[in-house]
Structures are given as C-alpha cells and as structure tokens.
Asks: 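Before I ask anything, let me first share the structure, which is written out below as structure tokens.
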There are 2 protein chains.
Amino acid sequence: MSKCEQCIVKEFNALKTLTKEELIRVSACKTGKHYKKGDVIFEEGETLNGVFCIRDGVCKLTKLSENGKDQVVKLIVKGELLGKRSLISNESTNLSAVALNDMEMCFIPKSEIMLDLNKNPKFTMDVLKDMAHELKDADDSLVNMAQKSVKQRLAETLLYIEKNFGTDNDGYLSIVLSREDYASIVGTATESTIRILSQFKKDGLISTAGKKIKIEDENELKRIE
Amino acid sequence: MSKCEQCIVKEFNALKTLTKEELIRVSACKTGKHYKKGDVIFEEGETLNGVFCIRDGVCKLTKLSENGKDQVVKLIVKGELLGKRSLISNESTNLSAVALNDMEMCFIPKSEIMLDLNKNPKFTMDVLKDMAHELKDADDSLVNMAQKSVKQRLAETLLYIEKNFGTDNDGYLSIVLSREDYASIVGTATESTIRILSQFKKDGLISTAGKKIKIEDENELKRIE
DNA sequence: ATAATTACATGACAAATATCATATTTTATA
DNA sequence: TATAAAATATGATATTTGTCATGTAATTAT
C-alpha cells in the first residue's frame, strides 16, 4: 500500500493541506480496504470511527426515505473523503454508502483526523471550505429536484456524469449504473426512467450498448424541458 | 444598539465560541441594519462582504430556478448567521435573502470574521460543526423533495414551522406566509398549495384566520401520505 | 449449457400535479 | 371610504408521473 505523503489522490481532497510530517503520521495508522461492486461500505445510522479516502472506484451515498425507497444523494469518486460530515458533527451517519464498482480505499481513524483538525487550522479551514462547497451543491440539487421535470433531471444527470466522471475510449459514460440507480438519483419510478431513456434513444440523444450509455447529442440534451 | 458581548442572540450561533475580547472587537465594527417585510437583503450572485447576525425577524433564502420560479431553500430566524457560506468559500452568494417580516440585524464585516476564523480554532471548529449540521438537513430536504408527495411536503412544512418557529397566543403559526411562499417552499404551483390547504381545512387538520394558519390535528397531519 | 434470477422494456390505466380561466375575498392605496 | 390591486379560491382540463401487468433480454448460478 502506498504512503499518504506520496499518494496522488490526496491532491484532490483536504488532506493536501497537511504537512509532510502530518501525512507520515496519518499514513502510519491508515488501513487499506477494498470493496466489490454492490458491497455496503456503511449504513445509515452506523457510527463511523474514521474517514475513507477513496483511491479508486465509485460509490453512491443513499438515504432511505420514509416510504421505503432509497434516494441517491451523491456520487463519490476517487479523491473524495467519505464520512467527513458525521465525523465532524460527531453523529452517526445519515447516509449509507454502497460501492458501484470495485473500490480501493484507505481508512483513517477518527482520532488521527481530529488531531489534525485541532492542531492544523489551515486543514480545518480547508475542510470548512470543502463543506461550504458541498452545501452550495446541495442547494442546487434541491432546487433542481423541486422545480424540474423528471425528464430534465434525467438529462442533467447524464450530462453531470459525463462531465464529472468522464467516458471510456468508445465514448460511453465510464460510470455504469442500473436504470434503478438512475431512478434513485432522479427521484422517480424505475419504469419512468426506462421509458425516458428509451425516448432519448429514439430521439438520437443517447445510444446504448447493454447498460452502457453514450451521449450523442449534448446540446439537445441540455435543451430538454 | 446592544453590544455583542452582552447580546443574547449570539448564544444561538457560532459566535458564542468567541472570547469576550473577540466579541468586544467584533462589536466595535458591527453596524445595525433593519429591513422591512419584503425587503431584499441580498440577491443571488452578489458579493457579500460580511455576515448578518439576525437579532429579530425571519427571512427566506431563495434561489431562482432556470424555469424562472423561485425556490425557498431555507427559512432563517433569530440567532442564525446569514451569509456564512459564501464568506467561507469566498464566492458570491448562491441564494437571495428576502425579509418575511420586519427584521433587526447586525452586520459584521468579513475581515473581522476571517480574523477570528484564522486566530480561534475553536471558533472555526464550531462553524464547521454548524455547517456539517446544515449539510445533513440539506440531505434530508433533498430526499423529502424527491420522494414525498406535495401534500406530504406541505403537511411537513406546517409542522416544521410550528416546531421551529412556534405559535402566537392564539395558537396560530407565528410565521405568516403567503400561499405563494408555501408553494415555493414545497416546490409546487400556488394553486396546488391553495387546494391542499383548503382540503386540510375541510378535513379539520388546520384552521385559518386570514393568512394565519393554526394546526388543529397534529397527529393526522403527520399521517398524511 | 440450461435453468433461474434479475434487469430492461412497454402497454394500459390510475393518480398526482400543472395550467388556464374566472370568481371572490382581502389588502393596500388614493 | 371607495377603488384598485393583490391574494385566495375553485372549476375544468391537460400533462406528467406512478402503478400494475406482462413480456423479453441479459446475467448469474447450477
């Protein structure tokens, strides 16, 4: 397992603010974990005693609604720190995390992170900025959910995934999700998702190969209402 | 205008973590502002050069959706700090703030707050905790918006307002909102809101006097699906 | 390789919600 | 107080979305 101070992944998250000495210390107590597609990393209500630094793979953060359906709140990829929020507020997680493909992560115990938060104000400030940004994203998501049609939300989800997680060599979205996952992101019934994707395909906005999706007409997708 | 170090309001927000000396310094540079019902405190996209500490009154934080409708993201009352997020991330606000009744606020310049954030790690940590909590609330709101019916969301909004902002002597919700405001919180058309409130009234779940609303059957409201 | 399971797809219909029209009531203003 | 303007109310109707049923394709397990 590579050392934190040499790890490229930390450049994408708040850990980059730590000094070399701090990183060496953190590195010494971290443990490597891997998860296979579908594995539950943690579940809503659990107490986390540390944070996960994602080295590879993607997972979804979900919350069980009162009506029994799961809602995807966020997709998390390489570089992000998982479990920050509940560690900071010292509460059990409000979300579940499930691997969407095979994942490599480092687990850093709570005590280590708290030490850094208490000792390195620059680090705390960086985490704070990070969280401020997440809060802004959350506001945007809420407005989209409240004001846009299912079709529009699905179109935007496809565009979001392409923009943030990229495509493979053939142009297909590199994150492959089930229709059910898409439904759970958009907040709709699986059948509705399937229907709309079929329509998009018919209209030449996307093409598919198995579960893989390729965006064919980005501009038209953006114009969906 | 009262002094920060003696102000009771600060007990409800992150300012309570500041030392007496810091509070005296902050107090010296703050300016009092008041707004009348309907006044715009700031608008989406503006650069804020400070935060507002709310001493009295209520305001709504809204965001303009691409379809031209305003969405209420949050209601803010006495004790809360307004403008924290954009100050921390050093970006323009992503939300507009509009007074829902007459408001008394203190405006604390950005430089003061940043000084405290840089000098007092306990304060930073407190702001961080605050923000972690807001993020949790945001997750919950998203799930509610995505998974619950308009009727259910409206019922919960009424219960939320009663719980968090209380009632007047006659039992009416102390925050008086227009039907349009309720629609904008719930994310629906004004007519739908009016219809559902009429139904609630008919079913004896609420009663009204002008724009004022009184919850008559809390349990039944909670049971709405 | 075949059976069993799961995911995807689509039709038919029901329910929820939006939109438009138009009263009526309330509130603000001359 | 009279009048205008805004907010509330409600009907009629269109649109969107959900639900249930059923069939097909793709995966997974035996």
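So you know, we letter chains A, B, ... as the sequences are listed, proteins then strands, and number each from 1.
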Asks: Think A:K202 has a side-chain N or O under 4.0 angstrom from the OP1 or OP2 of C:dA9?
Replies: no
Asks: Using whole Å, report how far CD of B:E180 lies from C1' of C:dT26.
Replies: 16 Å
Asks: Nearest-Å distance, NZ (A:K37) to C1' (C:dT6)?
Replies: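 The distance from NZ of A:K37 to C1' of C:dT6 comes to 12 Å, rounded to the nearest Å.
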Asks: Is there a side-chain contact between A:K69 and the phosphate of D:dT19, meaning an N or O under 4.0 Å from OP1 or OP2?
Replies: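 So the side chain of A:K69 is within the cut-off, an N or O lying under 4.0 Å from OP1 or OP2 of D:dT19.
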Asks: Which of the following nucleotides, D:dT8, C:dC8, C:dT10, is nearest to the side chain of A:S198?
Replies: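 The closest nucleotide is C:dT10.
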Asks: What's the separation between atom CG in A:D203 and atom CD1 in A:I224, rounded to the nearest 0.5 Å?
Replies: 7.0 Å
Asks: Can you see if the side chain of A:T190 gets near the phosphate of C:dC8 - specifically, an N or O under 4.0 Å from OP1 or OP2?
Replies: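 No, outside the criterion.
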Asks: From CD1 of B:I206 over to P of D:dT8, roughly how many Å is that when rounded to an integer?
Replies: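 Atom CD1 in B:I206 sits about 12 Å away from atom P in D:dT8.
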Asks: So, taking the atom named CD1 in A:I161 and the one named CG in A:L158, what distance separates them when rounded to the nearest 0.5 Å?
Replies: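 If I round to the nearest 0.5 Å, the distance is 6.5 Å.
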Asks: Taking atom P of D:dT10 as reference, at what distance in whole Å does atom CD of B:E191 sit?
Replies: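 Nearest whole value for this atom pair: 13 Å.
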Asks: If you compare every side-chain N and O of A:T188 against the phosphate oxygens of D:dG18 (OP1, OP2), does one of them come in below 4.0 Å?
Replies: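 Result: yes.
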Asks: Give the rounded distance in Å between these two atoms: CD1 of A:I196 and C1' of C:dT10.
Replies: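 Nearest whole value for this atom pair: 14 Å.
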Asks: Please determine whether a side-chain nitrogen or oxygen atom of B:S192 lies at a distance below 4.0 Å from atom OP1 or OP2 of C:dA18.
Replies: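 Looking at the OP1 and OP2 atoms of C:dA18, one of them is under 4.0 Å from a side-chain N or O of B:S192.
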Asks: Can you tell me how far the CG atom of A:L205 sits from the CG atom of A:L221, to the nearest 0.5 Å?
Replies: 5.0 Å
Asks: Could you check how far NZ of B:K211 sits from C1' of D:dA9, rounded to whole Å?
Replies: 14 Å
Asks: Could you walk me through whether A:N90 and A:K110 pass the side chain to side chain donor-acceptor pair (under 3.5 Å) check?
Replies: CA-CA 10 Å; A:N90 204 26; A:K110 178 170 179 167; 2.6 Å; yes
Asks: Report the residues that fulfil ring-ring contact (aromatic ring centres under 6.0 Å, His included) with B:F107, sequence neighbours left out, ordered by chain and then residue number.
Replies: B:F52
Asks: If only side-chain N and O atoms of A:R195 are considered, is one of them under 4.0 Å from the OP1 or OP2 phosphate oxygen of C:dA9?
Replies: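 No, outside the criterion.
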Asks: From B:N101 CG over to B:Y35 OH, what is the distance, rounded to the nearest 0.5 angstrom?
Replies: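 Output value for this atom pair is 14.5 Å.
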Asks: Between C:dT24 atom P and B:R179 atom CZ, what is the distance in whole Å?
Replies: 19 Å
Asks: Can you list, by residue number, the residues of residues 142-153 of chain A that have a non-hydrogen atom closer than 4.0 angstrom to DNA chain D?
Replies: A:S149, A:V150
Asks: Would a distance-only check, ignoring hydrogens and angles, find a side-chain to backbone donor-acceptor pair under 3.5 Å from A:D181 to A:L177?
Replies: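 Judged by distance alone, no pair lies under 3.5 Å.
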Asks: What integer distance in Å separates A:I194:CD1 from C:dG11:C1'?
Replies: 13 Å
